[in-house]
Q: 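Mind having a look at this structure? Questions to follow.
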Amino acid sequence: DGGITQSPKYLFRKEGQNVTLSCEQNLNHDAMYWYRQDPGQGLRLIYYSQIVNDFQKGDIAEGYSVSREKKESFPLTVTSAQKNPTAFYLCASSKSGNQPQHFGDGTRLSIL
Amino acid sequence: DAKTTQPTSMDCAEGRAANLPCNHSTISGNEYVYWYRQIHSQGPQYIIHGLKNNETNEMASLIITEDRKSSTLILPHATLRDTAVYYCIVRVGGYGGSQGNLIFGKGTKLSVKP
């Protein structure tokens, strides 16, 4: 079935470590997005990519980095510069900017 | 901040229609109304969206008032699996930043009861 796959479902990070969250889609969508959700809160946009080899900062990009080397993949790295990384991370994709975004099931990141 | 206002919570009896209201009095002419829902610990699920006309798909119907300042999501025959937080979002087309950002507010927690 077509969809968006995020892995791992749960991730633990030690202080000072960088960790990378995976997001893969087989929907042939051009656009991909990363959001962060904190408990009881809405989603906040971290980065988005309209097309391969291009990406833009969202509202809370500091401490994060992304790459878009393939259409189907948009990994997110949470760097040690992100001081409050504990959150639920959601990846989404859409056919274009005007089309609905479809989400994966998320990765829950915690600090050890 | 979210551009929409929704009730914090609602109950609905199983098998009945669930009508979820949303106010978006400052909506612009080029902004669409989107509905998503989120079941605990899962990613949001797209339900439906519209600009001016009422829309229907296999999941729900969307009724938008003529002045576009409010809308109602209708789940025609609610089941226990429809228990979730429902988000009403207005956005223009585009990708992120000042345009196209999916701004999720607090949403409405719908509880479908047997």
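Naming convention: chains lettered A, B, ... in sequence-line order (proteins, then strands); numbering from 1 in each chain. Atom set for the values below is all heavy atoms of this structure, side chains included, hydrogens, waters and symmetry mates excluded.
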Q: Using a 6.0 Å cut-off, check whether atom CD1 of A:Ile51 has over 12 heavy atoms from anything other than its own residue.
A: no
Q: Relative to chain B, which segment of A:Gln6 carries a heavy atom at a distance below 4.5 Å: side chain, backbone, both, or neither?
A: neither
Q: How close do B:Arg91 and A:Gln101 get, counting heavy atoms only, and between which atoms?
A: NH2-NE2, 4.0 Å
Q: Heavy-atom pairs under 4.5 Å with chain B: which of A:Gln37, A:Arg108, A:Lys9 has the most?
A: A:Gln37
Q: Determine, using the 4.5 Å side-chain heavy-atom cutoff (strictly less than), whether A:Tyr48 and A:Ile60 are members of one ILVMFWY cluster.
A: no
Q: Would you please indicate if the ring centroids of A:Phe103 and B:Tyr46 are separated by under 6.0 Å?
A: no
Q: Could you go step by step and tell me if B:Gln38 and A:Leu90 meet the side chain to side chain contact (heavy atoms under 4.5 Å, CB included) rule?
A: CA-CA 12 Å; B:Gln38 188 173 24; A:Leu90 288 157; 4.2 Å; yes
Q: Which atom pair, heavy atoms only, marks the closest approach of B:Pro44 to A:Leu43?
A: CG-CD2, 4.2 Å
Q: Do A:Val66 and A:Leu45 share a hydrophobic cluster, counting only Ile, Leu, Val, Met, Phe, Trp and Tyr and linking them when any side-chain heavy atoms are less than 4.5 Å apart?
A: no
Q: Are B:Tyr86 and B:Leu80 grouped together when hydrophobic residues (ILVMFWY) are joined by side-chain heavy atoms under 4.5 angstrom apart?
A: yes
Q: Using only non-hydrogen atoms and a strict under-4.5 angstrom cutoff, which residues of residues 72-81 of chain A touch chain B?
A: none
Q: Let me check something: do B:Ile47 and B:Met10 share a hydrophobic cluster, defined by ILVMFWY side-chain heavy atoms less than 4.5 Å apart, either directly or through other members?
A: yes
Q: Which answer fits B:Gln45, side chain, backbone, both or neither, if we ask what part of it has an atom under 4.5 Å from a heavy atom of chain A?
A: neither
Q: Decide yes or no for B:Tyr36 and A:Pro100: does some side-chain heavy atom of the first lie under 4.5 Å from some side-chain heavy atom of the second?
A: yes
Q: A:Ile46 and A:Leu11: same hydrophobic cluster, using ILVMFWY side-chain contacts below 4.5 Å?
A: yes
Q: Which atom names give the shortest non-hydrogen contact between B:Gln42 and A:Phe88, and what distance separates them?
A: O-CE2, 3.8 Å
